[in-house]
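Notes follow the structure.
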Amino acid sequence: MISLFLILFPMAAGMLHFFLKDGKTARSFALFSSLATLVIALLGLTVYSQPEQHSFSRPWLTILGSSFSLQADGMGKVLTLLNAVAYPLVILGTWQRVYAQPGRFFGLMLLAQAGMMGVFLTTDALLFYFFWELALIPMYFLASQWGGERRIPVTFKFFIYTFAGSVLMLAGLLYLQTQTADHSFSMAAFHKLKLHSATQLKLFWLFFVAFAIKMPVFPFHTWQPDTYEQAPAATTMILSGVMVKMGLLGLARWLMPVLPVASYQWGDVVMSLSVIGIIYASLIAIRQDDLKRLVAYSSIAHIGLMSAALFAENLSATQGVMIQMFNHGINIIGLWILIDIIERRYGTRKISELGGIARQAPVLAVFFVVIALANIALPLTNAFPGEFLMFNGILGAKSKYYILFVILAGLGIILAAVYTLNMIRRCFYGEPGTLSAAGGDLQAHEKWVLGIIVGLILWMGIYPQSLLGLSEGFSLQWLERIDISYLFRK
Amino acid sequence: MNALIISAVLGVIMMFGSTLLKQKNSIRALATGGMLLLLLANLLEMGGIRFFQVELKGMLFFDQFALVFHSLLLLAVLLYIILAAPDMEKVGVNYADYFALLFFILCGVAMVLAFKSLLILFLGIEIISIPLYILTGSDKKNLKGNEAALKYFLLGSFSTGLMLMGIALVYGARGTFSTLANPAITPMNLNLLIAGMAFLLFSMAFKVSAAPFHFWTPDVYDGAPTVFTSFMATIVKAAVFVAFVRLFDELFGDFDGKWRLWVAVLTAVTLFIGNITAVFQQSVKRMLAYSSIAQAGFMLFALYAMNGDGKEGLLLYAAAYCFATIGIFAVLARMKDYTFDGFNGMGKTRPFIAAALAVFLFSLAGIPLTAGFLAKFYMLKAALAVPGSAWLVLFAVLMAAVSVYYYFRVLQAMYFREPGETSHPEFPAYFKWVLGAMAALVIVLGVLPELLLGRLYF
């Protein structure tokens with residue numbers, strides 16, 4: 001039942017928002033309902049943590065072989081927690097933004113939350129597709145209606161890209177359904193499939209393209225920097241912090257265990273694309289002048305590392321991906337909140353027009369440095385254990401080229417340090433820029449939000465076990481499912 | 001049988017109505033009431049109550065599929081008349097005659113849905129086509145309309161000729177017009193049969209505007225008065241599709257190896273031409289004309305697959321497509337500006353209408369939780385059951401992604417752009433109610449398709 005509430009509650013709250021006209025009421029109600037969702041999620045992890053309370057199943061569309069089934073496994077729990085934590089932070093972090101038609105804005109935001117909850121929790125492939133689209137469409141409307149100057153063409157590109165990917169996935173899902181013994185869309189039936197390896201090798205790309213566009217992995221990333229730049233701040237945060245994890249979840253839940261042979265066979269190709277993406281995106285990030293675009297490219301690099309690690313197919317890498325999915329979300333939301341504060345205070349996001357902020361706003365500078373360092377995985381911050389586990393995992397990968405992948409991905413870490421430290425130096429130190437001379441320090445509620453984020457960063461950096469424990473059972477089970485060594489045994 | 005006879009009678013009544021009734025309101029009320037009666041009579045027949053006992057000599061048989069389909073189409077026509085009847089006044093002076101022609105077309109629709117003899121099929125198609133030629137040219141002062149009517153008439157007659165030729169050849173091979181008989185075919189006759197099949201395939205493809213027989217469609221749909229385009233593109237097209245599928249199922253079901261590849265090529269070409277050309281249109285009306293070609297491409301999957309899923313899918317597809325297209329055309333008919341820019345800012349000025357249009361567009365584009373998604377889903381599922389059709393399915397889903405481009409241009413105009421100088425028309429309250437109900441229907445069918453599909457088996 002907990003799983004059902006996690007979807008229904010934001011959905012109902014989101015629909016109610018469409019009837020709210022007043023900006024302040026809508027905002028407060030949105031904060032309240034996202035906090036309530038967080039409480040539900042936390043209750044699900046503590047008081048009601050028995051497995052039966054996390055699963056829910058009712059017949060629906062039975063003539064198609066589908067059902068309304070939800071089940072929170074380890075990965076589902078980590079991601080629903082991220083989704084539930086992210087929303088209050090985002091709403092509070094952009095508290096001072098004023099929107100035209102605020103009721104509709106927050107309504108769409110919460111509908112997207114419900115859609116993502118559904119994606120993270122469902123164990124039925126058709127339902128997965130429904131929620132996948134349900135999460136996408138509100139995002140498209142949000143970015144197109146409240147975004148920047150070039151919002152309409154840019155977000156349209158994003159939508160067409162993602163939609164094209166998802167219809168390919170739909171064709172793949174349909175094919176898999178016709179192959180199952182009982183013609184059902186259930187995950188269990190999909191996992192039982194033992195398809196011929198030649199079929200798997202072809203089907204793989206139908207799914208991979210859909211998920212790679214979502215994450216995004218090089219060379220499917222071209223929509224991402226533009227969309228992050230043009231979308232309104234709150235939407236960008238959700239898009240980059242939570243929504244990209246849908247792609248990783250798709251890989252881990254709907255692709256690799258269903259087509260294990262193809263995942264093994266194409267593993268080198270995917271890992272190559274991922275590390276190319278890491279290097280490529282990091283190099284571009286160094287040259288960026290716009291803070292939003294810089295963070296957007298750095299996100300491509302981080303996601304690239306996670307997708308490479310997933311295909312390393314061992315426990316260390318998998319666990320690294322699981323906790324990094326959560327931590328990357330927190331860090332990047334923190335960065336976006338800081339950039340949004342800078343933009344509102346100084347009226348620009350251009351690094352060349354900023355400078356010397358640390359003098360006027362020391363508290364802002366401290367928060368920025370801590371969160372930026374977490375983004376490049378300094379020890380004691382949350383990203384460190386995740387990246388460490390992932391590198392450790394890639395070193396143990398079965399691939400012939402693992403050493404090459406480790407070196408290139410490691411180079412990405414160095415490049416990340418280059419662009420991050422350079423950004424801190426040019427924005428916060430040196431002579432004040434043309435626009436950053438005015439403007440005060442943080443306000444109370446901003447300190448609260450950033451304080452919570454830094455708290456989470458340190459907590460997960462010092463005691464990552466709290467997340468690792470959540471996903472460990474899942475990771476072990478998952479490795480068993482994708483294991484294809486029985487094919488080589490005589 | 002109920003609906004067939006009553007629609008013919010209603011046609012005659014409406015014809016005389018034009019001399020007896022002078023008030024436009026009373027004509028409209030008579031037509032709406034007649035339509036309601038027609039729907040009711042058909043629903044009663046589904047329940048086993050037949051008003052007329054006619055010896056049909058096996059030429060017509062109203063089975064459950066035909067009746068369910070007919071009820072669906074009659075419901076669509078009823079909604080269409082409620083939404084669009086006031087707009088017909090603007091077309092010309094012969095107000096009652098338009099309704100008479102519509103009822104005659106419905107008579108033909110009943111025939112093509114239930115034919116068991118090729119003669120009835122031919123009669124049905126002609127009874128549908130001739131009133132349509134008249135309706136296309138009904139705006140007598142509009143040059144474009146006249147051109148469209150003439151073009152439609154000439155090409156339509158040509159395809160009728162082809163069809164007659166096909167029927168003659170098939171008769172030559174089988175020795176009977178009945179589709180139920182199963183005569184032995186000698187190798188000599190097989191060639192005749194296949195030649196006849198090719199003629200029938202081409203002429204029916206013309207009627208459902210499948211590429212490369214689609215060239216009349218954009219001009220005719222664009223030239224005809226918008227209210228009648230809506231009727232032509234939805235109800236007529238869906239009915240002819242059923243005839244198409246039934247014809248090939250009953251007559252040539254055993255020879256699917258011979259025509260399946262042809263249909264596959266027709267499908268792929270139709271999807272490609274419809275979708276790609278629609279992308280480049282500047283007028284919403286013309287875009288909808290090409291979109292109707294593109295949607296026909298998806299409906300051809302029912303013919304291609306020729307299995308249970310395909311037929312169920314065709315029913316769902318017809319529902320999704322008819323409701324959505326009728327709704328969009330009804331709004332379009334009242335707009336002053338037919339370009340995409342004409343819809344600018346409608347989300348702000350007419351929020352309710354814009355929301356309903358958004359649902360229709362989602363459905364046409366195949367977004368989940370609308371009937372359009374499940375309809376496409378059924379079609380793809382049906383096609384996948386045919387071995388070796390993966391390429392066609394992949395091509396179709398990519399074309400579905402292309403279709404998002406032109407459907408969403410309307411959405412963009414409505415929601416993301418500021419209102420322009422031309423103001424949007426006022427919509428009366430009943431119009432909003434009916435449009436809202438249609439949008440709700442599209443969503444309900446997308447969530448609970450059993451409501452419609454379940455009727456096929458009880």
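Each chain gets a letter, A, B and so on, in the order the sequences are listed, and its residues count up from 1.
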Contacts under 3.5 angstrom, residues 312-323 of chain B side chains, donor-acceptor by atom type, not counting sequence neighbours:
{"from": "E312(B)", "atom 1": "OE1", "to": "Y378(B)", "atom 2": "OH", "distance (Å)": "3.4"}
{"from": "E312(B)", "atom 1": "OE2", "to": "Y457(B)", "atom 2": "OH", "distance (Å)": "2.3"}
{"from": "Y317(B)", "atom 1": "OH", "to": "Q295(B)", "atom 2": "OE1", "distance (Å)": "2.5"}
{"from": "Y321(B)", "atom 1": "OH", "to": "A233(B)", "atom 2": "O", "distance (Å)": "2.9"}

Let me check something: any side-chain donor-acceptor pairs from residues 365-376 of chain B under 3.5 Å, sequence neighbours excluded? List them with distances.
{"from": "T370(B)", "atom 1": "OG1", "to": "I367(B)", "atom 2": "O", "distance (Å)": "2.7"}
{"from": "K376(B)", "atom 1": "NZ", "to": "L364(B)", "atom 2": "O", "distance (Å)": "2.9"}

Quiz item: Quick one: does Q412(B)'s side chain get under 4.5 Å of Y140(A)'s, heavy atoms only?
Solution: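 They are in side-chain contact.
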Quiz item: Do E133(A) and F362(B) have side chains that get closer than 4.5 Å, going by heavy atoms?
Solution: no
Exercise. Output the residues of residues 149-169 of chain A for which the shortest heavy-atom distance to chain B is under 4.5 Å, in residue-number order; output 'none' if no such residue exists.
Key: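 Answer by number: R151(A), I152(A), F156(A), F159(A), I160(A), F163(A), A164(A), V167(A), L168(A).
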Quiz item: Which of residues 115-130 of chain A have a heavy atom under 4.5 Å from any heavy atom of chain B?
Solution: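 From residues 115-130 of chain A, the residues near chain B are L126(A), Y129(A), F130(A).
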Self-check item: Shortest non-hydrogen separation from K381(B) to I63(A) and the atoms involved
Solution: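 Scanning both residues completely, I find the closest heavy atoms to be NZ-O, 4.3 Å.
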Quiz item: Which atom names give the shortest non-hydrogen contact between A171(A) and L394(B), and what distance separates them?
Solution: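 Nearest pair, atom of A171(A) first, then L394(B): CB-CD2, 4.3 Å.
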Quiz item: Crowded around Y99(A) OH? As in, over 12 foreign heavy atoms under 6.0 Å?
Solution: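 Atom OH in Y99(A) is packed in, count exceeds 12.
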Quiz item: Is the number of heavy atoms from other residues, nucleotides or ligands within 6.0 Å of CZ (F68(A)) greater than 12?
Solution: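 Above 12, so yes.
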Quiz item: Can you tell me how far CG of L64(A) sits from CZ of F377(B), rounded to the nearest 0.5 angstrom?
Solution: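 It comes to 5.0 Å.
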Quiz prompt | Rounded distance (nearest 0.5 Å) linking atom CZ of F416(B) with atom CD of Q145(A) | solution =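 Between atom CZ of F416(B) and atom CD of Q145(A) there are 6.0 Å.
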Quiz item: Does any heavy atom of chain A fall under 4.5 Å from the side chain of V402(B), the backbone, both, or neither of them?
Solution: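 Neither part.
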Exercise. Could you tell me which portion of L380(B) (side chain, backbone, both or neither) has an atom closer than 4.5 angstrom to a non-hydrogen atom of chain A?
Key: both
Quiz item: Does W60(A) reach the main-chain N or O of L448(B) with its side chain, forming a donor-acceptor pair under 3.5 Å?
Solution: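 No.
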Quiz prompt | Winner by heavy-atom pair count (cut-off under 4.5 Å) against chain B, out of T178(A), L136(A), L170(A) | solution =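 Most heavy-atom pairs within the cutoff with chain B belong to L170(A).
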